[in-house]
Amino acid sequence: MSTPETQPAANFIRHIIAKDLAENKHQGRVATRFPPEPNGYLHIGHAKSICLNFGLALENQGTCNLRFDDTNPEKESIEYMESIERDVSWIGFTWHELRHASDYFEQLYDFAVDLIKQGKAYVDSSTPEQIREYRGTLTKPGIPSPDRERSIEENLDLFTRMRNGDFADGQYVLRAKIDMASSNMNMRDPTIYRIRRVHHHRTGDKWCIYPMYDYTHCISDALEAITHSICTLEFEDHRPLYDWVLDQIEVPCHPQQIEFARLQLEYTIVSKRKLNQLVTEKHVHGWDDPRMPTIAGLRRAGVTPAAIRDFCERIGVTKKDSWIEMAVLENSIREDLNEHSARVMAVLDPLRVVIENYPDDQVEQLEVGNHPQRPELGTRKIPFSKVLLIEQEDFAETPPPKYKRLTTGEEVRLRGAYVIRCNEVIKDADGKIIELRCSYDPDTLGKNPEGRKVKGVIHWVSETHSLPAEVRLYDRLFCRPNPDMEANFLDALNPNSLQILSQSRVEASLKDAPVESRYQFERMGYFCVDKDSSPDQLVFNRTVTLRDTWDS
RNA sequence: UGGGUCGUCGCCAAGCGGUAAGGCACGGGGUUUUGAUCCCCGCAUACCAAGGUUCGAAUCCUUGCGACCCAGCCA
């Protein structure tokens, strides 16, 4: 059996690392980091970055840290931090060290003082509006702030007092003194510290000034001796600033920032802000709603860590903006689930079938395999009796062309059991089919009938022996390929993304199926036991359907 | 129209001057007690365009065209 994980494919970052290794650039060391801001749950886009960073470290005998970029306490929380640790672990990676940007607040402050002493940073009293105005535009250079030439002594004093809490929020900022005329907006004296009296989930109220991303990230990388600092494309313009900061101060190493294109998946979104909106406005039932592209959502839907890793390897790593089709993800999911899931029978939308020529009280325990290609997964017994349940959609009075299921007067194979023939259709007063009267051929158990071919096979359960279950069928959350492109992404929401079937029946072997266990419901798809499930009320989520090539 | 980046099959993606890998999707066939799986076969004389260099170009040069990112005291 092939493993779902494919061999490492070539990509430009692997080339860069191979070259650095060949040149002994960092004494042959590879150190990466995955640096999320703890302001939301991780999603499939983060998975790409996680697999990249941890994968690169792993395949080069290097290290990968998990670092929380927690410099903006307003949006961050312990809950998010914990969910991130949980999700990274679940995907299957172990970090070398767990770090936080906030671990470096003191050092960051010292470096800022150093910058001021060098005359490379100054305290500015301009308002945000003034700063924006002075910054110029894409085509017009900026002009210096009136505070730009403040003396070093005064800057030192002001910055100390900023830290001491002598000023109101927003009264001053610390800015790097670089080049107000730079064609790169990020180099026009970027703000590196702001005053903000917000409780930080780790440092509490110790600080009332917080460092900005551009200033913090490069120094954090350097302090951790990161060799390759991998981030997404929108930070390309920030690289000169990343390098500038590290060039002004004394740090153990100067990591190389490398940018790659973030994942864009059709029929979904990966904007934290919008994902947050879906949750808070209750368009979904939470961060772990199986329709969400979050790691928690995928997990609850029944997607495996191996499938996510396989997907991330398949989509590749480039600098090209691209949209991945959902079919690629589904393929990775099916490939892993097909190999590892035990098969069981479940009737989602039951139709009663009475086998008229089967003895009233007889029950046969039929032995069936748990996996058609993997006999080592064993067999189980399923009860066959006079009254069975089959799928409504597996019977048609007037079948469409090439129909291979049950129809009046014709035969069909009951999976793992006998061939039956439908003799009569019972309807209620409204003409709705409520029961089928059938007969079975006793000589067709484990063998084909004499002289005729029965091509259809359908699944079933015994009415009295089966267990009631609720089955949740999920469809894509959006009905447009690029919801992000819509004026309002909520307009693209799929109104039928969740269908709950409360009358389903599953075979008795599922009685004690643990939460998160996964099965293939034969002919129906892959399903996972939901956390809402209990022995009295089983609840299953559909992870993905089976591939369906029946064109009709 | 300042700067940065990108353009190879429907969607991804290898390729790095020697004559277009692979995956997904799609189409056809075979096996099958899942219309699943699995197995065969097919699927870019062509690499955004036009010039140029070269015995030879997707790969080098030139000029166009198109797309994305940047003017937070967010990350």
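Model, not experiment: these values are computed from the prediction. Proteins come first, then strands; the chains are lettered A, B, ... in the order of their sequence lines, and each starts at number 1.
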**OP:** For A:Asp169, enumerate each residue passing the salt bridge (charged side-chain N to carboxylate O under 4.0 Å, His left out) test, keeping only those at least two apart in sequence or located in another chain.
**Re:**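 With sequence neighbours excluded, A:Asp169 shows a salt bridge (charged side-chain N to carboxylate O under 4.0 Å, His left out) to A:Arg197, given in chain and number order.
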**OP:** Kindly write out the residues that satisfy salt bridge (charged side-chain N to carboxylate O under 4.0 Å, His left out) with A:Arg273, not counting sequence neighbours, or none if the list is empty.
**Re:**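 With neighbours one apart ignored, the set is empty.
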Subject >> Residue met sooner reading RNA chain B from 5', once A:Gln520 and A:Glu266 are mapped to nucleotides >> reply: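 Counting from the 5' end, the first nearest nucleotide belongs to A:Glu266.
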**OP:** Could you note down all residue pairs passing salt bridge (charged side-chain N to carboxylate O under 4.0 Å, His left out) where residues 215-224 of chain A supplies at least one of them, sequence neighbours left out?
**Re:**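 Salt bridge (charged side-chain N to carboxylate O under 4.0 Å, His left out) check on residues 215-224 of chain A returns A:Arg33-A:Asp221, A:Arg67-A:Asp221, A:Arg67-A:Glu224.
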**OP:** Kindly state each residue pair satisfying salt bridge (charged side-chain N to carboxylate O under 4.0 Å, His left out) with at least one member in residues 315-330 of chain A, sequence neighbours excluded.
**Re:**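 Listed once each, the pairs are A:Glu236-A:Lys319, A:Glu259-A:Lys319, A:Glu330-A:Arg334.
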Once ring-ring contact (aromatic ring centres under 6.0 Å, His included) is applied, do any residues pair with [X], and if so which ones, sequence neighbours excluded?
X: A:Phe478; answer: none
X: A:Tyr267; answer: none
X: A:Phe489; answer: none
X: A:Tyr104; answer: none

Looking at every strand, decide which applies to [X] at a 4.0 Å heavy-atom threshold: base, sugar-phosphate, or nothing.
X: A:Arg132; result: sugar-phosphate
X: A:Thr127; result: base
X: A:Phe311; result: nothing
X: A:Glu236; result: sugar-phosphate
X: A:Ala417; result: base
X: A:Ser125; result: nothing
X: A:Arg343; result: base
X: A:Arg547; result: sugar-phosphate
X: A:His238; result: base

**OP:** Begin from the C-alpha positions of A:Arg148 and A:Asp189 and carry the test salt bridge (Lys or Arg N to Asp or Glu O under 4.0 Å) through to its verdict.
**Re:** CA-CA 9 Å; A:Arg148 198 171 200 261; A:Asp189 289 11; 2.6 Å; yes
Original post:
According to the 5.5 Å centroid and 30° plane-angle thresholds, does A:Tyr213 stack upon the nucleobase of B:rA75?
Top reply: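 According to the criterion (under 5.5 Å, under 30°), no, A:Tyr213 does not stack.
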When rounded to the nearest Å, what value does the distance between [atom1] atoms of [N] and [M] take?
N: B:rG51; M: B:rC65; atom1: C1'; answer: 14 Å
N: B:rU54; M: B:rU62; atom1: C1'; answer: 16 Å
N: B:rC11; M: B:rA25; atom1: C1'; answer: 7 Å

**OP:** Taking side chain to side chain contact (heavy atoms under 4.5 Å, CB included) as the test, write out the residues that go with A:Asn11, two or more places apart.
**Re:**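 Per chain and number, A:Asn11 pairs via side chain to side chain contact (heavy atoms under 4.5 Å, CB included) with A:Ile13, A:Arg14, A:Val317.
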Original post:
Does A:Glu234 pair with A:Arg262 as a salt bridge, N-O distance under 4.0 Å?
Top reply: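 So A:Glu234 pairs with A:Arg262 through a salt bridge.
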**OP:** Run the salt-bridge test on A:Arg314 and A:Asp310 with the 4.0 Å N-O cut-off and return the result as yes or no.
**Re:**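 A:Asp310 and A:Arg314: salt-bridged.
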Might you list the N or O atoms of the protein lying below 3.5 Å from N or O atoms in nucleotides 13-23 of chain B, with each pair's distance?
unit_1: B:rA13; atom_1: OP1; unit_2: A:Thr318; atom_2: OG1; d: 2.7
unit_1: B:rA13; atom_1: OP2; unit_2: A:Lys320; atom_2: NZ; d: 3.3
unit_1: B:rA14; atom_1: OP1; unit_2: A:Ala10; atom_2: O; d: 3.4
unit_1: B:rG15; atom_1: OP1; unit_2: A:His15; atom_2: NE2; d: 2.7
unit_1: B:rG23; atom_1: O2'; unit_2: A:Arg314; atom_2: NH1; d: 2.7

**OP:** Tell me which nucleotide among B:rU1, B:rG35, B:rU33 gets nearest to the side chain of A:Arg523.
**Re:**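 In terms of side-chain proximity for A:Arg523, the closest of B:rU1, B:rG35, B:rU33 is B:rG35.
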Original post:
Under a 4.0 Å heavy-atom cut-off, which of residues 186-200 of chain A touch RNA chain B?
Top reply: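 Correct list: A:Thr191, A:Arg194, A:Arg196.
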**OP:** Scan residues 439-458 of chain A against RNA chain B and write down, sorted by residue number, each residue with any heavy atom closer than 4.0 Å; if none is found, say none.
**Re:**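 By residue number: A:Thr444, A:Leu445, A:Gly446, A:Lys447, A:Val457.
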Under a 3.5 Å cut-off for both contacts, is [N] paired Watson-Crick or G-U wobble with anything, and if yes, with which nucleotide?
N: B:rC60; value: B:rG52
N: B:rC43; value: none
N: B:rG17; value: none
N: B:rC68; value: B:rG4

